[in-house]
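Here's the structure we're looking at; comments come further down.
Atoms within a ligand are numbered from 1 in the order they appear, just like the ligands themselves.
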Amino acid sequence: MEKIDVIVDSMSRQGTHNIAITLMQTNGEPLPQWEAGAHIDVFLPNKICRQYSLTGNPQQTQFYTLCVKKEPQSRGGSRYIHQQLRVGDTLQISAPRNVFKLQDAERYTLLGAGIGITPILAMTETLEQQRKAFTLFYYVQTKQDVALLHYLSKQFIYGTCEILCDDEGHSIISQLPDAFNVPHQQHHVYMCGPAGFMNYCEEQLTRLGWHESCIYKEAFAPVVVASDAPTDCFQVKLKSTGQVFDVPQDKTIATVLIENDIAVPLSCEMGMCGACLTEVCSGEVDHQDTVQSEQEKQAMPQHIALCCSRAKSSLIEINL
Ligand code: FES
């Protein structure tokens, strides 16, 4: 994976718990183009790699903006950014990847909860540019938690933004957006937030008759996928060389391949980012990732997340 050298150009407080960071390429060149919904890998000096959604205006490539929440349960990424990262530090990042793209529709409902606002905010910029109608609902605990307010408080021409505070009695559970009651093929719902928030929204949309193809979501924390499939040993075969490797119960496909000097594009290692998705030539996949939709998991050819998914069949052949 090609890495890009960047410098931290600015950091700003965004509500009580978040920091916005702008990153510029150290050589002053524009950064790669990106689209709303994209994320990058950030390689931190403490050897941790984390994925963060890009936010702000996707037409802006002189710098990238991220917004990072201070996570009490941080495994090192958020804590490092909040406590140690400073303006002027240099880092490496990946080029943007997008598994949460805006698809063509006539109308959009955007739901952002907490720090899940980051990719959603970039979508409002794109929809304004495309002159598409949208309604944004941004759910926070309290007013003090609102991030990126300077973007959200501007006058949108094609959309509206409503900020809903839990401590004022406004939550997704206390009141669903009215638009949920009118399912329409040309109306898409995009959501990003904690797994519980998104699961609840999805359940309600499904109950009210929305088709799966109209619902798009991005988890920013790993979701534990329950699987009733056996996690027995199986074998993985590489299409390019015909090599076959045993994958024991306690190792992922990625681990086995790396141990055998096979390069695997890895990033989150939690089934969230899509970096390791690889085409399946034959065999049955036990999908454990959360980056693919149910539709994508059923589509042919299938793709397997090598960092977490397993095989239901005794052998699986992959296009590596
Ligand atoms: S490394 Fe991110 S999905 Fe596998």
Side-chain angles (χ1 to χ4, degrees), residues 1-4 32 34-35 37-44 46-54 66 68 71 74-78 91-101 115-116 118-119 192-195 198 216-227 229 231 234 236 238-239 245 247-281 283-299 301-312 316-320:
M1 180 200 301
E2 197 191 329
K3 293 182 182 169
I4 304 166
W34 62 286
E35 290 179 350
H39 68 266
I40 55 169
D41 299 331
V42 177
F43 302 91
L44 293 164
N46 61 352
K47 309 270 183 256
I48 281 180
C49 169
R50 287 287 175 268
Q51 288 69 50
Y52 295 105
S53 294
L54 296 179
L66 321 174
V68 180
E71 300 282 2
S74 169
R75 292 177 299 135
S78 150
L91 298 170
Q92 287 191 310
I93 60 171
S94 70
R97 277 194 300 275
N98 201 345
V99 290
F100 190 43
K101 279 186 186 171
I115 197 63
T118 51
C192 184
M198 292 195 295
Y216 299 85
K217 57 181 187 171
E218 180 170 74
F220 59 86
V223 178
V224 177
V225 179
S227 171
T231 54
F234 57 93
V236 61
L238 306 190
K239 186 181 176 197
F245 302 104
V247 182
Q249 277 179 323
D250 60 345
K251 288 187 181 170
T252 64
I253 301 175
T255 308
V256 169
L257 295 182
I258 290 165
E259 282 175 0
N260 286 281
D261 294 327
I262 314 289
V264 179
L266 276 183
S267 184
C268 70
E269 299 185 54
M270 292 187 288
M272 289 164 53
C273 74
C276 66
L277 284 176
T278 302
E279 190 182 316
V280 175
C281 307
E284 203 183 343
V285 185
D286 174 18
H287 290 288
Q288 300 284 324
D289 65 286
T290 53
V291 68
Q292 299 183 92
S293 67
E294 284 312 310
Q295 225 172 4
E296 287 167 334
K297 286 175 183 170
Q298 303 309 323
Q302 297 229 309
H303 288 81
I304 184 167
L306 301 179
C307 67
C308 61
S309 294
R310 303 187 65 80
K312 290 181 181 172
I316 193 162
E317 184 178 5
I318 57 173
N319 194 3
L320 256 194

Which is it for Met198 and Glu218 under the side-chain contact (heavy atoms from CB on, under 4.5 Å) test, yes or no, and what are the steps along the way? CA-CA 8 Å; Met198 292 195 295; Glu218 180 170 74; 5.6 Å; no

Who's closest to atom 3 (S) of ligand 1 heavy-atom-wise, of Cys308, Gly274, Ala254? Gly274

Verdict with reasoning, Lys3 to Asp41, per salt bridge (Lys or Arg N to Asp or Glu O under 4.0 Å): CA-CA 9 Å; Lys3 293 182 182 169; Asp41 299 331; over 6 Å; no

Under the criterion salt bridge (Lys or Arg N to Asp or Glu O under 4.0 Å), I'd like the reasoning laid out for Glu279 against Lys239: C-alpha separation, chi angles, the key distance, then a yes or no. CA-CA 10 Å; Glu279 190 182 316; Lys239 186 181 176 197; over 6 Å; no

Would you say Cys307 has an N, O or S atom lying under 2.8 Å from atom 4 (Fe) of ligand 1? yes

If you scan protein heavy atoms around atom 4 (Fe) of ligand 1, the nearest is Cys276 SG, 2.2 Å

Do you know which of Thr278, Leu306, Thr252 makes side-chain contact (heavy atoms from CB on, under 4.5 Å) with Leu257? Leu306

Which atoms of ligand 1 are found less than 4.0 Å from any heavy atom of Gly271? 3 (S)

